Amino acid sequence: MKNLVEPIKSKKEIEMIEQYLEHVSTRNRIIFTLGINTGLRISDILGLNVEDVDGKNYVELKEKKTGKYKRFPLNMKLQKLIKSYLEERSKIYSFENEVPLFVGKKHKRLDRSQVYRFLNKACKELKIDINAGTHTMRKTFGYFFYKQNNNLALLQKILNHSSPSVTLRYIGITQDEIDISYSGFEL
């Protein structure tokens, strides 16, 4: 069996990663926070332009993998982070709307390998023992969305999965967790 990327299942570890990334790079923290709060694939996060988020409380995009239209709200945390990020970035250099939201040192659109590296480094530095990758953010969103809303059908639709079993496997809900949920259930 291949090494599958895992979700982060601890809110404390999520907070640790956000704090770590904030000290290293506000941009990296926003990428991570956007990923865990929206469930977007990394290709869609890195495909965002300034105009897609500037002054907006929702995002509309065409998913790169599926070609499907997606619209979702930005929570207050993301709105504040993005606003602050864009204000800071505009002090360094001016940009137009069609400019990539997330750029590297050469002012080119960031690529997924750069995100993979900073996320893995954060997990290693913080001794968070998971197989981390760029999909960790999307899986983390799915895991916590399911735990909070307990609506598998809605999560399946949000993630564009073909079946509930695919979604459960994707977010790392294990048989042990299912067994534990039964232990507290009685009519």
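Quick note: residue numbers are just sequence positions, from 1. For clarity, every value in this text was computed on a predicted model and none was experimentally measured.
Side chains of Tyr69 and Glu60: a donor on one and an acceptor on the other come within 3.5 Å.
No more than 12 heavy-atom neighbours from other residues, nucleotides or ligands sit within 6.0 angstrom of CD on Gln148. Applying the 6.0 Å contact sphere to NZ of Lys56 captures more than 12 heavy atoms from other residues, nucleotides or ligands. When the shell of 6.0 Å around OH of Tyr182 is examined, it contains 12 or fewer heavy atoms from other residues, nucleotides or ligands. Surrounding NZ of Lys70 are more than 12 heavy atoms belonging to other residues, nucleotides or ligands, all under 6.0 Å away.
For the atom pair NZ (Lys124) and CG (Asp129), the distance works out to 10.5 Å, reported to the nearest 0.5 Å. Interatomic distance, CD of Glu88 versus CG of Leu86, reported as 10.5 Å (0.5 Å rounding). In this structure, the separation between CD1 on Ile8 and CZ on Phe144 is 8.5 Å, given to the nearest 0.5 Å. Atom CG in Leu46 sits 5.5 Å away from atom CD1 in Ile31 (nearest 0.5 Å). Here the OG1 atom belonging to Thr167 is positioned 5.5 Å from the CG atom belonging to Leu155, to the nearest 0.5 angstrom. Atoms OG and CD, on Ser10 and Glu15 in that order, are 8.0 Å from each other to the nearest 0.5 Å.
Side chains of Asn160 and Lys68 form a contact here, defined as non-hydrogen atoms less than 4.5 Å apart. The shortest side-chain heavy-atom distance between Tyr143 and Lys9 falls under the 4.5 Å cut-off. Side-chain atoms of Ile17 and Cys123, non-hydrogen and from C-beta on, do get closer than 4.5 Å to each other. Residues Ser113 and Arg117 have side chains in contact (heavy-atom distance under 4.5 Å, counting atoms from C-beta outward). At least one side-chain heavy atom of Met137 sits less than 4.5 Å from a side-chain heavy atom of Val115.
Tested against Leu74 for a side-chain contact (heavy atoms from CB on, under 4.5 Å), the candidates Leu81, Asn57, Ile82 yield a single pass: Ile82. Between Thr140 and the options Ile130, Ile36, Ile171, a side-chain contact (heavy atoms from CB on, under 4.5 Å) holds for only Ile36.
Taking every heavy atom of both residues into account, Leu21 and Ala122 meet most closely at CD2-CB, 4.2 Å.
The main-chain N or O of Phe145 is found under 3.5 Å from a side-chain atom of Asn149 such that the two form a donor-acceptor pair. At distances below 3.5 Å, at least one donor-acceptor pair connects side-chain atoms of Arg27 with backbone N or O atoms of Val103. For Arg89 (side chain) and Leu101 (main-chain N/O), a donor-acceptor pair under 3.5 Å exists by modelled atom type. Although no hydrogens or angles enter the test, the distance criterion places a donor-acceptor pair under 3.5 Å between the side chain of Asn120 and the main chain of Ala132. Side chain of Asp111 to main chain of Gln114: a donor-acceptor pair is present (N/O by atom type, distance under 3.5 Å, no hydrogens or angles). Panel note: side chain Asn28, backbone Ser25; no donor-acceptor pair is recorded below 3.5 Å. With hydrogens and angles ignored, the 3.5 Å screen pairs a side-chain donor or acceptor of Lys139 with a backbone N or O of Val5. Between the side chain of Asn151 and the main chain of Leu154, a donor-acceptor pair closer than 3.5 Å is present. Side chain of Asp44 to backbone of Lys64: a donor-acceptor contact under 3.5 angstrom is found.
Grouping the Ile, Leu, Val, Met, Phe, Trp and Tyr side chains by contacts below 4.5 angstrom, directly or via other members, places Leu4 apart from Val166. Side-chain heavy atoms closer than 4.5 Å link hydrophobic residues (I, L, V, M, F, W, Y) into clusters, and following such links, possibly through other members, connects Ile158 to Leu168. Linking Ile, Leu, Val, Met, Phe, Trp and Tyr whenever their side-chain heavy atoms come within less than 4.5 Å leaves Leu48 and Tyr116 in two separate clusters. Hydrophobic clustering of Ile, Leu, Val, Met, Phe, Trp and Tyr side chains at less than 4.5 Å, counting indirect connections, unites Phe72 with Phe141.
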Item to complete: Kindly indicate, with the supporting measurements, whether the criterion side chain to side chain donor-acceptor pair (under 3.5 Å) is fulfilled by Thr26 and Glu22.
Response: CA-CA 5 Å; Thr26 301; Glu22 182 65 36; 3.2 Å; yes
Run the side chain to side chain donor-acceptor pair (under 3.5 Å) check on Tyr170 and Arg138 step by step: do they pass? CA-CA 10 Å; Tyr170 183 84; Arg138 182 170 158 87; 3.0 Å; yes
Before giving the answer on side-chain contact (heavy atoms from CB on, under 4.5 Å), spell out for Leu78 and Thr38 the whole-Å C-alpha distance, their side-chain angles and the decisive distance to 0.1 Å. CA-CA 10 Å; Leu78 287 173; Thr38 65; 3.9 Å; yes
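Note that Arg109 lies outside the cation-pi zone of Phe102, set by a 6.0 Å cut-off to the ring centre and a 45° limit from the axis.
With respect to Lys77 and Glu18, a salt bridge is recorded, a charged nitrogen being found less than 4.0 Å from a carboxylate O. A salt bridge links Arg41 with Glu63: the distance from a Lys NZ or Arg NE/NH1/NH2 to an Asp or Glu carboxylate oxygen falls below 4.0 Å.
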